[in-house]
Colleague: 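What follows is a single structure, and I will ask about it in a moment.
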Amino acid sequence: MSEEIKPHEIVDFLKPRLNARFRTWLKICARCGLCADTCHYYRAHGNDPKMIPAYKVRFLRELLRKKGRVDRDYLQKIYDTIYHECNMCRRCTLFCPFGIDIALMISLLRAMLFSLGIAPEGLVKAIDNYKESGNQMAVTDEDWVDTVQWVEEEMAEEVVGLKVPIDKKGAKLLYTVNAREPMFYPQDMMEVAKIFHVAGEDYTYSSKPGWDATNLAMFCGDAGTSKLIVENTFKQAEELGVQKVAVTE
Amino acid sequence: MELFHDYIRDGRIKLRDRIKEPTTVQDPCNVVRSGGLAKKNRQLAAYLSEDFRPMKQQGNYNYCCGGGGGAMPMGGEMKKDRLKCGGVKAQQIRETGAKIVFVPCHNCIDQIRDLSKEYDLGIKAIHFKEAISEHMIIPPEMIPKDNDEE
């Protein structure tokens, strides 16, 4: 955090990304306050005006006005607001008379901080895991396949003829999970195996990276890693020739 | 969740019985508001329940659990904030009087389980998968011979 901030880096990052949509939103917001009561942070903090969604994105406007000339304390203020006071749930947008997408603006601010090397530790750890193993929990390919096979063994005792297909070419569905399932909640995979079998679903898991449906890189605006994660799944879907990708949720 | 809904709607999965305790359902932001599955989420909860009690604000208009947007995987640094802002969700759940909360999202479910402890809600948060696999009919030919059921 002690490195010098280069104002042009902030401006160079924001300018090309602030397209017509963002610029319109910044101009059109009438500060009417209709978004206030829609926000669970606002309500949980005793209607604190600092928690009004429209106020949380003031930084975009300010950064441009200040031409990126801000200090570390200011960046910390942005961080505290966009990570600790917003879940990017998009509820405020539903109530905004102009449909301003506050969450997308928060997302742009997160991406801006990420470009300066500022992001929550927990998310950075997950990003490292994605890059290394293709999933957020750093489950190895061997452990993953072992888990899927174990799920099949366990469930075949409960349901006659139950199979849990891996890399089945031409299956209708590629089924992807949250990487927390093989780590902490294998029962979720067991329940799904049972439901799919009884429903006669034609599905498959993939043995290679791409089986994790989560994309935590997206939450800190790391577009590069986000893309890599989606591409992993897409590649498996293409190789296996499935018609659809289903996610665990 | 959409698949499960369709299985039951189309009769590919038949239910033996339904949950007797009062239930409600969480609308995860990315599944419902951004994913467009509000109706199916509610309908699936209703299929599985004898006493389904939707939250006051529901579907697209439901509140975030407080764990979204990376708040859960941020870990310790976010815990205090997410439990505080989740107070709104805790209140919504309490108002329904539900004992079971369906939560079709791994992120929301961890948050709602934390909220239940923090606000003493006395609820059980479960995935649809759990309820379906417990309450569905297994065709007789799929039941192992040495067991009477399942």
Side-chain angles (χ1 to χ4, degrees), chain A residues 38-45 51 82-91 93-95 103 106-107 110 120-123 125-126 136 156-162 173 177-178 180-181 185 187-201 214 216 218-220 246-249, chain B residues 1-4 7 10 12-14 28-31 33-35 57 60-78 80-82 84-89 91 104-108 110 127 129-134 136-139 141-145 147 150:
Chain A
T38 71
C39 178
H40 52 299
Y41 280 90
Y42 177 80
R43 288 192 46 195
H45 284 82
M51 295 290 170
I82 64 178
Y83 278 107
H84 286 262
E85 296 171 5
C86 177
N87 294 112
M88 305 202 291
C89 77
R90 304 175 82 205
R91 190 170 190 267
T93 300
L94 286 186
F95 292 85
I106 296 280
S107 179
R110 288 188 180 190
E121 224 176 286
L123 297 181
K125 179 87 185 54
Q136 58 151 301
E157 284 177 20
E158 225 182 274
V159 182
V160 175
L162 183 141
L173 288 181
V177 300
N178 181 316
R180 292 172 63 79
E181 292 179 60
Y185 307 116
Q187 70 271 25
D188 291 6
M189 293 169 65
M190 293 178 183
E191 288 153 8
V192 161
K194 191 167 154 186
I195 296 169
F196 278 164
H197 183 73
V198 173
E201 189 57 82
T214 67
L216 300 183
M218 193 183 68
F219 291 133
C220 52
V247 300
T248 178
E249 326 293 6
Chain B
M1 183 267 284
E2 185 173 25
L3 272 177
F4 302 152
Y7 290 159
D10 303 340
R12 285 173 75 178
I13 294 283
K14 292 187 179 66
C29 304
N30 282 320
V31 174
R33 196 158 25 247
S34 294
Q57 296 88 355
N60 292 336
Y61 295 93
N62 208 329
Y63 281 97
C64 170
C65 64
M72 291 305 295
M74 274 167 69
E77 76 158 278
M78 189 60 195
K80 205 175 118 253
D81 295 313
R82 72 174 160 80
K84 181 164 168 111
C85 77
V88 174
K89 180 57 60 192
Q91 181 59 26
C105 166
H106 282 84
N107 201 72
C108 298
D110 287 345
H127 288 283
K129 303 175 180 104
E130 185 180 334
I132 296 170
S133 78
E134 263 178 38
M136 71 186 192
I137 294 174
I138 310 281
E141 69 275 14
M142 291 184 193
I143 298 171
K145 292 219 161 55
N147 273 357
E150 291 190 8

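First the proteins, then the strands, lettered A, B, ... as listed; each starts at 1.
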Colleague: Measure Y42(A) against the heavy atoms of chain B and call it side chain, backbone, both or neither at under 4.5 Å.
Modeller: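 For Y42(A), no heavy atom lies under 4.5 Å from chain B.
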Colleague: Where on H127(B) is there a heavy atom nearer than 4.5 Å to chain A: the side chain, the backbone, both, or neither?
Modeller: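 Side chain of H127(B) only, per the 4.5 Å heavy-atom cut-off to chain A.
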Colleague: Answer with side chain, backbone, both or neither: which region of Q57(B) has an atom nearer than 4.5 Å to a non-hydrogen atom of chain A?
Modeller: side chain
Colleague: Counting heavy-atom pairs under 4.5 Å to chain B, which of K125(A), H197(A), E121(A), E85(A) comes out on top?
Modeller: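 The answer is H197(A).
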Colleague: First locate atom CG of L3(B), then atom CD1 of I13(B), and finally report the distance between them rounded to the nearest 0.5 Å.
Modeller: 10.5 Å
Colleague: Less than 4.5 Å to any heavy atom of chain A: does that hold for the side chain of F4(B), its backbone, both, or neither?
Modeller: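 The side chain, not the backbone.
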Colleague: Which region of A199(A), side chain (C-beta onward) or backbone (N, CA, C, O), has a non-hydrogen atom less than 4.5 Å from a non-hydrogen atom of chain B, or is it both or neither?
Modeller: both
Colleague: Strictly distance-based, threshold 3.5 Å: is any side-chain N or O of K129(B) a donor or acceptor partner for the main-chain N or O of E191(A)?
Modeller: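 The answer is no, because no donor-acceptor pair under 3.5 Å joins these two groups.
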Colleague: Going by atom types alone, do Y185(A) and D110(B) pair a side-chain donor with an acceptor below 3.5 Å?
Modeller: yes
Colleague: Looking at every heavy atom in both P104(B) and E249(A), which two are closest together, and how far apart are they?
Modeller: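 It is O-CB, 3.3 Å.
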Colleague: Please look at E201(A) and chain B and tell me whether the side chain, the backbone, both or neither of the residue comes under 4.5 angstrom of a heavy atom of that chain.
Modeller: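 Both parts, backbone and side chain.
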Colleague: Between Y61(B) and F95(A), is the gap from one ring center to the other below 6.0 Å?
Modeller: yes
Colleague: Counting heavy-atom pairs under 4.5 Å to chain B, which of M88(A), M218(A), H40(A) comes out on top?
Modeller: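 Option with the top pair count is H40(A).
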Colleague: What part of L216(A) gets closer than 4.5 Å to chain B, counting heavy atoms only: side chain, backbone, both or neither?
Modeller: side chain
Colleague: Let's test your reading of the structure: which of C65(B), G66(B), G35(B), G86(B) forms the most heavy-atom pairs below 4.5 Å with chain A?
Modeller: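 Heavy-atom pairs under 4.5 Å are most numerous for G66(B).
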Colleague: Where on S107(A) is there a heavy atom nearer than 4.5 Å to chain B: the side chain, the backbone, both, or neither?
Modeller: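 It is neither, since no heavy atom gets under 4.5 Å.
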Colleague: Between I106(A), L123(A), V192(A), D188(A), which shows the greatest number of heavy-atom pairs under 4.5 Å with chain B?
Modeller: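 Highest number of pairs under 4.5 Å: D188(A).
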Colleague: With chain A as the partner, which of S34(B), C108(B), A71(B) has the greatest number of non-hydrogen pairs under 4.5 Å?
Modeller: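 Among the listed options, the one with the most contacts to chain A is S34(B).
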Colleague: Answer yes if the side chains of Y63(B) and R91(A) hold a donor-acceptor pair under 3.5 Å, and no otherwise.
Modeller: yes
Colleague: Only pairs of heavy atoms separated by less than 4.5 Å count here; which of V198(A), T38(A), V247(A), I195(A) has the most with chain B?
Modeller: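 Most pairs with chain B among the choices: I195(A).
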Colleague: Taking the side chain as every heavy atom from C-beta outward, state whether M136(B) and K194(A) have any pair of such atoms under 4.5 Å apart.
Modeller: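 Sidechains of K194(A) and M136(B): in contact.
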Colleague: Is it the side chain or the backbone of N178(A) that comes within 4.5 Å of chain B heavy atoms, both, or neither?
Modeller: side chain
Colleague: Could you have a look at V31(B), D10(B), V88(B) and say which one has the most heavy-atom pairs with chain A under 4.5 angstrom?
Modeller: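 Between V31(B), D10(B), V88(B), the count favours V88(B).
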Colleague: Does any N or O in the side chain of N107(B) come within less than 3.5 Å of the main-chain N or O of G67(B), such that one atom is a donor and the other an acceptor?
Modeller: yes
Colleague: So, for P120(A) and E77(B), which heavy atoms are closest and what is the spacing to 0.1 Å?
Modeller: CB-OE2, 3.7 Å
Colleague: Check whether any side-chain N or O of R90(A) sits under 3.5 Å from a backbone N or O of C29(B) as a donor-acceptor pair, and report yes or no.
Modeller: no
Colleague: Using the test salt bridge (Lys or Arg N to Asp or Glu O under 4.0 Å), find all partners of E130(B) that sit at least two apart in sequence or belong to another chain.
Modeller: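 Partners of E130(B) by the salt bridge (Lys or Arg N to Asp or Glu O under 4.0 Å) criterion, ordered by chain and then number, come out as K124(B).
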Colleague: Could you tell me which portion of L173(A) (side chain, backbone, both or neither) has an atom closer than 4.5 angstrom to a non-hydrogen atom of chain B?
Modeller: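 For L173(A), the contact with chain B is made by the side chain alone.
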Colleague: Could you look at P73(B) and say if it's the side chain, the backbone, both or neither that has a heavy atom under 4.5 Å from chain A?
Modeller: both
Colleague: Would you mind telling me which of M74(B), H106(B), E141(B) has the largest number of heavy-atom pairs within less than 4.5 Å of chain A?
Modeller: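 Looking at each of M74(B), H106(B), E141(B) in turn, H106(B) comes out on top.
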Colleague: Can you name the residues that form a salt bridge (Lys or Arg N to Asp or Glu O under 4.0 Å) with R82(B), not counting sequence neighbours?
Modeller: D114(B)
